Structures are given as structure tokens and as C-alpha cells.
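By convention in this document, chain letters (A, B, ...) are assigned in the order of the sequence lines, proteins followed by strands, and residues within each chain are numbered from 1. Just so it is clear, the model here is predicted, and its values are computed rather than measured.
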Amino acid sequence: MLRDGAQDYVTKPFPMEELKARAKNLVTMKRTRDVLQRELQTQLADLTELAGELTQRKRELQTAVGALGVARDQAERASQLKSNFLSLVSHELRSPLTTLQLHLDRLHRDQDGTLTAKQQGMLDRMDASTKRLLDLIESLLEYSRIESDRLTTALEPVDLAALVGDVVSELRPGAEEKRLELRTYLPPSPRAAITDARLARLILVNLIGNAIKFTSQGWIEVALEQSAAAHRLQVTDTGPGILKERQASIFEPFEQAQDIAHKHMSGFGLGLALVRDMTSALGGTVEVTSKVGEGSKFVVTLPEKGLAAKGA
Amino acid sequence: MGTHAPCRILVVEDDCDVLDAIAETLREDGHEVTTAENGAQALAALGSDPLPHVILLDLMMPVMNGTEFLRAQRQDPRLASIPVVILSGDGAMPSKAQALGIDDFLTKPIRGSALLQRVARYC
């Protein structure tokens with residue numbers, strides 16, 4: 001009978017009490033079922049609403065993901081364009097620099113022997129400026145490579161002592177013009193470092209160039225110390241010094257601009273950011289110690305074997 | 001005048017100012033210089049004897065660039081053995097030189113002394 005759809009049944013003959021009890025049961029059950037049904041309907045409506053909201057959210061997310069993809073593609077394209085632009089600019093700038101350099105060198109050779117000491121001095125300064133211009137271009141290019149993660153290092157044995165000598169004689173005219181003493185301390189029997197000559201050179205150019213730029217009197221000392229595990233390049237100056245609270249942030253790019261705006265003291269541009277990034281690409285570290293009014297000392301520590309410290 | 005044997009040199013460079021500066025530097029040192037402003041002119045210049053001891057070659061040039069010139073030069077048995085020094089404005093030249101099968105290059109801006117020393121290797 002239950003199989004035929006009845007809710008309950010009693011077998012005749014049945015006591016009235018039994019029937020009443022069963023009827024009451026059925027009524028209670030129906031009420032409960034009604035309550036549950038309403039509850040279910042409410043929940044179903046809630047779920048439907050929620051599902052609608054989810055669909056809407058999903059659509060919004062898909063749109064956002066699409067927009068992000070477009071933005072990422074645009075950013076990548078912009079970065080690529082910037083890199084291409086910089087490399088093109090660098091190529092374009094090198095041609096007139098080559099012309100300038102070659103004619104300067106021809107004048108320097110002075111085959112007619114007619115140059116006066118004054119003219120020779122002017123040539124020396126033109127020479128120094130040409131080199132500075134080239135160093136600036138190189139630095140800018142390296143910075144763009146670092147920014148786009150395209151910095152590559154070519155490790156080879158590098159005679160750091162000879163490199164220090166080269167950079168110092170390259171920058172000496174600038175120091176002499178400001179009547180600064182520029183001295184070097186090199187180990188008596190220097191050892192070659194396994195590193196990237198181009199990057200090591202740019203690190204020195206930037207550190208020594210900064211020291212000359214910001215020191216108005218006194219001396220600049222460039223020292224190379226070598227231990228079994230590391231090569232330490234130190235550039236010390238008697239410049240204005242750097243406030244303690246500023247010493248950490250000077251390695252951030254374009255700190256110089258902020259500094260010049262706020263206080264007329266020891267500002268730096270891209271140079272130190274580049275030094276930090278190039279040093280780290282070589283597996284090394286750069287540290288500064290400085291006292292306002294006394295001077296600054298930058299220490300670059302390069303590992304004995306290239307990037308071994310970084311496991312690259 | 002230089003203190004070495006004079007050398008026949010072909011300079012291929014599209015920037016006339018650079019070309020002149022290189023040619024004048026080399027001539028002042030006693031070398032015999034032929035110039036070309038692109039790869040096609042360079043091949044034409046190589047059409048008649050005597051052949052140069054060395055070719056100084058820029059890579060980025062119109063009409064026929066340095067890479068195309070190198071390919072043509074290597075396919076010609078008469079020209080293939082002439083040494084080529086790349087004149088490059090690219091700081092990443094060492095890695096590119098390997099790809100081109102070239103082991104000698106000068107990075108711009110070129111110093112006069114470096115130019116003369118390099119050329120002397122091939123005289």
C-alpha cells in the first residue's frame with residue numbers, strides 16, 4: 001500500500017486512538033515538510049542568486065585577466081622598444097665619438113711638432129671629456145640591460161691592478177683640474193681575478209668619477225687589497241661625506257635628483273645604483289662608510305672566482 | 001710615417017665622417033687606403049688587383065650590410081682569405097663576433113693607437 005503512494009495505513013479493525021495518533025503524526029509530518037520545503041526554496045533562491053553573482057564575478061575576472069594580459073604585453077613591448085632605442089642611440093652616438101676621438105688622436109700625435117703646451121693641455125681636456133661621454137653612454141646602456149634583465153657577464157682572468165691603473169690615468173686629468181691628489185695603493189704582486197673586465201671597469205669609473213665630482217679639496221685614494229678569498233677595491237675621498245640616514249638610499253637610482261633639490265650635498269645619480277647592480281651581478285658586495293665633513297669610503301668586494309658565491 | 005711596412009687596407013663604413021677619420025689616420029701612418037660606403041661598393045673595389053692585406057668592416061650599413069658582405073666575401077675563393085676586422089658600435093660585440101665566425105674586432109669609439117696597432121698585425 002505504501003508502495004501505491006499512501007502515507008500510512010492501519011489494519012482493520014483498528015482502535016480509534018490508533019487512528020487519531022496516526023492522523024496527528026501525518027499532520028505534524030506535513031507541517032514539518034512544508035517548513036523544510038520553504039526553507040529549501042529560500043536556500044535555492046539564495047544559491048541561484050549566488051550562482052548569478054559568481055558568473056558575474058567570473059566574467060569580471062576574465063575581463064581583468066584579459067586587460068592584465070594586454071597591459072603586460074604592452075609593458076613588455078615598451079621595455080623592448082626602450083632597449084632597442086637605447087642600443088640604437090648608443091650605436092648612433094658611437095659614430096661621432098669615433099670621429100672625434102680619431103681626430104683628437106691625430107692632433108695628439110702632432111706630427112708637425114707645432115702644438116704649444118697650452119694647446120696640448122686643451123687637447124688633454126677634450127680627450128678626458130670624450131672619455132667621460134663614452135663612460136656615460138656605457139653606464140646608461142648597462143643600466144638599461146640590468147633593468148631588462150639582459151645583463152650578461154663574461155668571466156675571464158682580469159688584472160685588477162692594471163685596470164685600476166688604466167681607470168686612474170683616464171680620470172686623472174679631471175682630478176688635476178680640481179687640484180685633488182689622486183693616489184693608488186696596489187699589491188706588490190697582484191693576482192688576476194676571475195671576473196668581467198667591462199663591468200669591473202665601469203664600477204671603478206663610477207666610484208672614482210663620483211669621488212672626483214664630489215670632492216672639492218684634499219685627496220682620493222684607490223686601493224686594491226687581495227686575500228685568498230676576495231678582491232677588495234676601495235675608493236676613499238675627503239669629500240663632504242654622506243649623512244648616516246642617507247647611506248642606505250644612495251644606492252637607489254636617481255637619489256641624486258632628490259638630494260640636490262633638498263640639500264646641497266653629496267648627491268648621486270645612476271652611478272651608484274649601477275655599481276650596486278653590477279657588483280651583485282659579479283657575485284660581490286658594495287659598502288659605504290662615511291662621516292659628514294670628513295669623507296667617504298666605498299668598498300667593493302669581489303669573490304675570488306666570479307659568481308661562485310651565487311652558485312651561478 | 002709609421003715605423004712599419006705600409007699596408008693596403010680597405011675600409012668599409014657608411015658614416016662618411018668616421019670613414020674619413022679612419023682613412024686619414026691610416027694614411028698619415030703610411031698605409032694605402034681604399035674606402036667603400038657599403039658592402040656592394042666594397043665588393044666592387046675588390047674586383048681589381050691588388051687585393052688589400054686587411055678589410056676593416058662596419059656591420060650596420062645600407063644597401064649591403066656587413067653580414068651580407070662577409071657571406072659574399074667567403075664564397076669567393078679569391079677573397080675568402082683576406083682577414084676582416086669588424087668595426088662595431090655594439091658593446092656586446094665579443095659574443096656576436098663568435099656567431100659571425102670573426103675573431104677580430106674594434107669597438108667604437110676607436111682610438112687611433114688601437115687602430116694602427118691592429119692593422120699592423122696584418123701587414
For the side chain to side chain contact (heavy atoms under 4.5 Å, CB included) test, which of B:Val18, B:Leu87, B:Thr107 pairs with A:Arg94? B:Thr107

State, with a plain yes or no, whether a side-chain heavy atom of A:Thr98 is found less than 4.5 Å away from one of B:Glu13. no

Considering all heavy atoms, the nearest A:His103-B:Ala21 contact: NE2-CB, 3.5 Å

What's the shortest heavy-atom distance between A:Ser95 and B:Lys108, and which atoms? OG-NZ, 4.0 Å

Heavy-atom cut-off 4.5 Å, strictly under: side chain, backbone, both or neither for B:Leu116 against chain A? side chain

Residue selection (most heavy-atom pairs with chain B, distance under 4.5 Å) from A:Leu102, A:Leu134, A:Leu97: A:Leu102

Could you report the tightest heavy-atom contact between A:Asp105 and B:Ser113, atom names first, then the distance? OD2-N, 4.5 Å

Contact summary for A:Asp127 and B:Arg111, nearest pair of heavy atoms: OD2-NH2, 3.7 Å

Counting heavy-atom pairs under 4.5 Å to chain A, which of B:Asp15, B:Thr25, B:Asp20, B:Ile22 comes out on top? B:Thr25

